[in-house]
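Computation of the quantities below employed the complete heavy-atom set of this structure, encompassing side-chain atoms and omitting hydrogens, waters and symmetry-equivalent molecules. Position 1 is the first residue of the sequence; numbering continues from there.
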Amino acid sequence: MRQYIIDAFTDKVFHGNPAAICILEQWPSEELMLNMAVENNLSETAFAVKKGESYHLRWFTPGGEINLCGHATLACAYVILNFYEKEAAKVVFQTLSGDLVVERHGDLYEMDFPAYELKSVPVTEQMIGATPREAYMGRDLLCVFDDVKIIEHLNPDLSKVHALNGLLLHVTAKGAETDCVSRTFAPKCGVPEDAVCGSGHCHIIPYWANRLGKDDIIAYQASKRGGTLYCRMDGARVKLAGKAALYSIAETQSR
């Protein structure tokens, strides 16, 4: 089984968000896919099987399968369009979140994702050790702050984050050099901090597009690795574009 490791939302290795990608002729067992995700110890290991003109795509964290992942989708599209279907300009994925389309525009890979509906929830300091100005719930919990320095220096108690509602926790503030800055914590998925979270921006971008009164948003994820997303609201959808860099290609010995 050939496995690619791609750094997504960056143009250089050791930055962005790494994902392991396997393009297969048939599905391995769920036990094997989960074991590989645990062994890789990355935030995502993705598996894709071609089905007609599209690909069936599944995402696994060390904590189990999830229903939407942005950076591994971008990484998977990068692998397919650069190693399997070099003449193609786009790829369609069948997923637990419906059909997802990724188009190649030069060195950018643009994904078309559903936007999450955000519902306001009460804010408390106990949420993450700092008091947000606002909090919203979609699939994940989104906490909004006034000071970007809080985002950069936040060190939440992950056991408390694990007890919060929502799958992931996103914290965000208005940026100086970009429209917004954020970080993502995912202890429920076995990932303390997600380096650059695509699906999280299906919460973050709808919020900032509404707050800033514009559809085009440049977002920066302020993890240690860092990553930039070029985003656009399109009705009830979010366009998420980013670059990608190949780190490695390996042959696994999985059985």
(message) side-chain contact (heavy atoms from CB on, under 4.5 Å) for Arg183 and Leu154? Distances and angles first, verdict last.
(response) CA-CA 9 Å; Arg183 289 173 67 194; Leu154 194 65; 3.9 Å; yes
(request) Indicate, with yes or no, if the rings of Tyr4 and Tyr78 have centres closer together than 6.0 Å. (result) no
Contact summary for [X] and [Y], nearest pair of heavy atoms:
| X | Y | result |
| --- | --- | --- |
| Ala8 | Leu74 | CB-CD2, 4.0 Å |
| Glu193 | Thr184 | CG-O, 3.1 Å |
| Arg139 | Ser199 | NH2-OG, 2.8 Å |
| Leu168 | Cys189 | CD2-SG, 3.9 Å |
| Pro62 | Leu42 | CD-O, 3.2 Å |
| Asp194 | Gln221 | O-NE2, 4.2 Å |

Any side-chain heavy atom of [X] sitting closer than 4.5 Å to one from [Y]?
| X | Y | result |
| --- | --- | --- |
| Lys174 | Arg211 | no |
| Leu68 | Leu100 | yes |
| Ile23 | Phe83 | no |
| Glu134 | Tyr207 | yes |
| Arg225 | Asn17 | no |
| Val91 | Tyr84 | no |
| Lys243 | Leu108 | yes |
| Phe60 | Met36 | no |

(request) Take Phe47 and Leu32, measure what side-chain contact (heavy atoms from CB on, under 4.5 Å) needs, and give me the verdict at the end. (result) CA-CA 11 Å; Phe47 302 87; Leu32 176 57; over 6 Å; no
Is the side chain of [X] donor-acceptor paired with the backbone N or O of [Y] at a distance under 3.5 Å, no angle test?
| X | Y | result |
| --- | --- | --- |
| Ser54 | Gln94 | no |
| Arg104 | Ala88 | yes |
| Asp7 | Ala245 | no |
| Thr172 | Ser182 | no |
| Lys188 | Gly63 | no |

Are [Y] and [X] co-members of a hydrophobic cluster defined by side-chain heavy atoms under 4.5 Å apart?
| X | Y | value |
| --- | --- | --- |
| Ile204 | Tyr116 | yes |
| Trp59 | Val238 | yes |
| Leu246 | Val79 | yes |

With a cut-off of 6.0 Å (strictly less than), are more than 12 heavy atoms of other residues, nucleotides or ligands near [atom1] of [X]?
| X | atom1 | answer |
| --- | --- | --- |
| Leu212 | CG | yes |
| Glu39 | CD | no |
| Arg133 | CZ | yes |
| Glu31 | CD | no |
| Lys50 | NZ | yes |
| Glu117 | CD | no |

(request) State the CG-CD1 distance between Leu158 and Ile128, to the nearest 0.5 angstrom. (result) 11.5 Å
(message) Using side-chain contact (heavy atoms from CB on, under 4.5 Å), reason through Val121 and Leu141 one step at a time and then give a plain yes or no.
(response) CA-CA 9 Å; Val121 295; Leu141 178 62; 4.0 Å; yes
(request) Would you mind checking if Arg58 and Glu30 are paired as a salt bridge, meaning a charged N to carboxylate O distance below 4.0 Å? (result) yes
(message) Using the rule side chain to side chain contact (heavy atoms under 4.5 Å, CB included), only one of Lys214, Glu110, Arg237 pairs with Arg232; which is it?
(response) Glu110
(message) If you apply the rule side-chain contact (heavy atoms from CB on, under 4.5 Å), what do you find for Met111 with His201, and how did you get there?
(response) CA-CA 12 Å; Met111 303 179 289; His201 283 79; over 6 Å; no
